[in-house]
Each structure stands twice: as structure tokens, then as C-alpha cells.
Amino acid sequence: MAQPQAITYQYDLFSEQRQDVIRPFPTSETVCGASGTKAFQVKEAGEQERALTPDLMSLVLSHDNIKAAYKQVKRNKGVAGIDQMPTGDFAEWYSQNAETLQSELYNGAYQPQGVKQVEIPKPNGGKRKLGIPTVTDRIIQQAISQVLNPIYERKFSDHSYGFRPNRNAHQALKKGSEYVSEGRVIVVDMDLKTFFDVVNHDRLMYLLSTTISDKTLLWLIRKYLQSGILIDGVVSQRTEGMPQGSPLSPLLSNIVLDELDKELERRGHKFVRYADDCNIYVRSQRAGERLLASISVFIETKLKLLVNKEKSRVCPVNHTKFLGYTIQRDGSLSIANESVKRFKEKGFGVNRDARKRIKPCPTGGSTM
DNA sequence: TTTCGAAAAAC
RNA sequence: GUUGUUUUUCGAAA
């Protein structure tokens, strides 16, 4: 590997002809005798260890991966970022600038652009701050996410249901009602305060480095975490938290909260987590309160996250809502219809029969 | 078999 | 002025 190889390949995202990216620079790390350019498949993630992930950037920037990322971003129909380039223009832009972009990404010179901040109202009246990266940055992040996702999928806890392929809220509810059917009718409802605002960058980067050894990729992710926020023309650098609205955020949040899953598993608890909404099922109020106290300490000292003490609580399962439903003490699910609730507020008399009864949960071991 | 899009839910 | 991920349903095309 004396000389950097010439880049001669097709950049057109619409052409069927393609040639995969040849890495323009030699790998900085040498991995115990293995040839640096030897291709490895992410899907064969069976025995993947940190030593096998020194060159994920090639996968991130491969033609197929970028093309898939572009399609995904385009399908979301999001608006342009601060550079005003709409999603539809990326293909043409990329055909002109792919070489420069890829070189910068490979040698670490790439600097993500600022994030446009937008506030939108939440259903419950509050405001939600969104960070909108440029189309280019959304596509790069999506491309990273597509590579990291299969690597992390096999490491994630079976009790985690949010933002994961082939998993949905209903499966989480089914698992929760199974635990209730076993007699765990008290729930510890953990609420993490403004999760996206307080994630510790150093801790997240450390977690990533235990699985990912591609330093170029790690630095790129760190740059995305730190990417500046543009408010009224002034760019301020972010020191903690991650932008809500970037394609990488859901995966990174699961990586951070996987530590919580692993700790709860280590302690042998029965729980279900959907994003930052974590429910632990126990048999008595006293056990629940003791658990809430000790897990809160773990979350705040070890994970460096904040527990919302006002909204976290211990109560019988049928006194709280989880993912839009309420689990009854017999393990059945009921849904509180929002429109019914609005009727009630407007003065139409509504009795509790307005809550629609959903089928009881069978304790089946069926997968998927 | 595959591809695409619209619309709903969860966070 | 409206981001992101996942899931599901419906529909269309070859």
C-alpha cells in the first residue's frame, strides 16, 4: 500500500451501474495481520468484535449505502437545512461533489454544518425543540445509522422496544402485561428528564469506542454531537445532549440506555423499555419504592442522566398509562381514547365504559 | 417477487 | 413556520 489509490467510479445515484468506493487513503490502523481493504459483511455480525470494525467508513460511504440513505431521507420529505438545499437536489449535488465530500470524510477534514433550530408545540401543550441538520448531514447520519444498527441490534437487550427494527409498542405492551399476569401488579414508572438535552458526550463516545474501533467514524460522530446550533444567525457549540431530529439520535439514545437495560437484567428485574420510557414490574409497593430509589441513584451517578422525580412514580399498573394504554391488574389492556377525553372536558357526560376493552394478553412465547 | 407512496401510532 | 426513528395499515405500479 504505497500509494493512495485513484478514485474511478460512478457517483450517479440513479444509475444501475455502480462500482464501490475505493478508499483513497490507506487505513491508519493495522489490524493484526489482516489486510486493511478486505471486505467484511455487517450482516454477518455473529462474531464481530471491536477488532473487526476498523474500517466502517468504507461501508458507510459505499454507493449502495449512500443511495439507500438518500432514498430514506427523501422519503421523509423533510425541509432544507441552513444551506437551503432541498432533499431533491442532493443527487445532482452529489454527482458533482462526491469526490470532495468522501475525501473530507475519510481524512477527517469534514465539518458538519450547523443545525437549524425549530420549536414545535407538543400535544400536551409544551414545546419541543428540534435540531434540523442539512440534507447532506442527514444523509451521512442516516448512512452511519444503517451501518451501526445491525452491529448494535445483536447487543441490545431483549427488553428494549423503541426505535428498533421488527419491534413495536404493541410488543412492549404484550410483554408488560405478561409480567402483570404473573402477579407483578405494581409498576415502577421511570421518567428521564429531557433525555436528549443531557446526554454526556464523553460517556457516549466511550461507549461507542468499546464496540467501534474506526477512529475516523468515531470522530465524525463526535463532530455531529457537537455540531453548532444556529439561532438568529449566531452559532453556539453544543457541549451536551444531541439534536432531536437527527437520524442518528434514536440509535445513540438506545446505546446509552442499553446500560440501564443491562443493569436491570443483572439485578434480575422484569421490565420493558420504549425509548426513554421504562417500566419495571414488581410485586409490592415497598419493593417498588426501594427499587425506584436505587435505580435513580444508578441513572444519575453512573449514566449521568437526570431522573424526573415529579413524573417518576410507583403505583398499581392500572393507575398509569404506558404507550397510550393502561394495563389492568388481570393483564388485559385498555386504551383511553383521547377524543373521548376531550368530550369529557367539553361537558358531555362520559362514563368509564368509554374505555374500550382490548383482548386479554395470552402468555405465549411466540417470537415476532 | 419487488418497488414506490400516504397515513396512523409510539417516543 | 413541522425534524427524526421505528412499526403498522391501506393503496399504486411492474
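Numbers restart at 1 for each chain; the letters A, B, ... are given by sequence-line order, proteins then strands. Because the structure is predicted, anything quoted here is derived from the model rather than measured.
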[X] has an atom [atom1]; how far is it from atom [atom2] of [N], in whole Å?
X: A:D277; N: B:dA9; atom1: CG; atom2: C1'; value: 15 Å
X: A:K321; N: B:dA10; atom1: NZ; atom2: P; value: 7 Å
X: A:L251; N: B:dC11; atom1: CG; atom2: C1'; value: 15 Å
X: A:N76; N: B:dA6; atom1: CG; atom2: C1'; value: 13 Å

Checklist entry - Hey, which of these two, A:P165 or A:G245, hits RNA chain C nearer its 5' end, going by closest nucleotide? => result A:G245
Checklist entry - A:S246 or A:A169: which one's nearest nucleotide on RNA chain C is closer to the 5' end? => result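 So the residue in question is A:S246.
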Checklist entry - Is there a donor in the side chain of A:H201 and an acceptor in the side chain of A:Q226, or the other way round, less than 3.5 Å apart? => result no
Checklist entry - Does a donor on one side chain and an acceptor on the other come within less than 3.5 Å for A:Q244 and A:S249? => result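 Absent: no donor and acceptor within the cut-off.
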Item to check | Note, A:I82 side chain near A:T134 side chain (heavy atom, < 4.5 Å) | outcome: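 Heavy-atom side-chain distance check passes, below 4.5 Å.
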Checklist entry - Do the non-hydrogen side-chain atoms of A:C315 and A:I186 ever get within less than 4.5 Å of each other? => result no
Item to check | chain A footprint on RNA chain C, 5' to 3' - any atom under 4.0 Å from a heavy atom | outcome: C:U2 to C:U7
What contact category does [X] fall into here, base, sugar-phosphate, or nothing, at under 4.0 angstrom with non-hydrogen atoms?
X: A:S249; value: nothing
X: A:Q141; value: nothing
X: A:G78; value: sugar-phosphate

Next on the checklist: Taking 4.0 Å as the cut-off, does a side-chain nitrogen or oxygen of A:K74 come that near to OP1 or OP2 on B:dC4?
Outcome noted: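 A:K74 to B:dC4 OP1/OP2: no side-chain N or O under 4.0 Å.
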Checklist entry - Phosphate oxygens OP1/OP2 of B:dC4: is one of them under 4.0 Å from a side-chain N or O of A:K71? => result yes
Item to check | N-O pairing of A:K304 and A:E300 below 4.0 Å | outcome: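 Result for this pair is no, no salt bridge flagged.
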Item to check | A:D277 and A:R273 ion-paired at < 4.0 Å | outcome: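 Looking at A:R273 together with A:D277, the answer is no, because their closest N to O distance does not fall below 4.0 Å.
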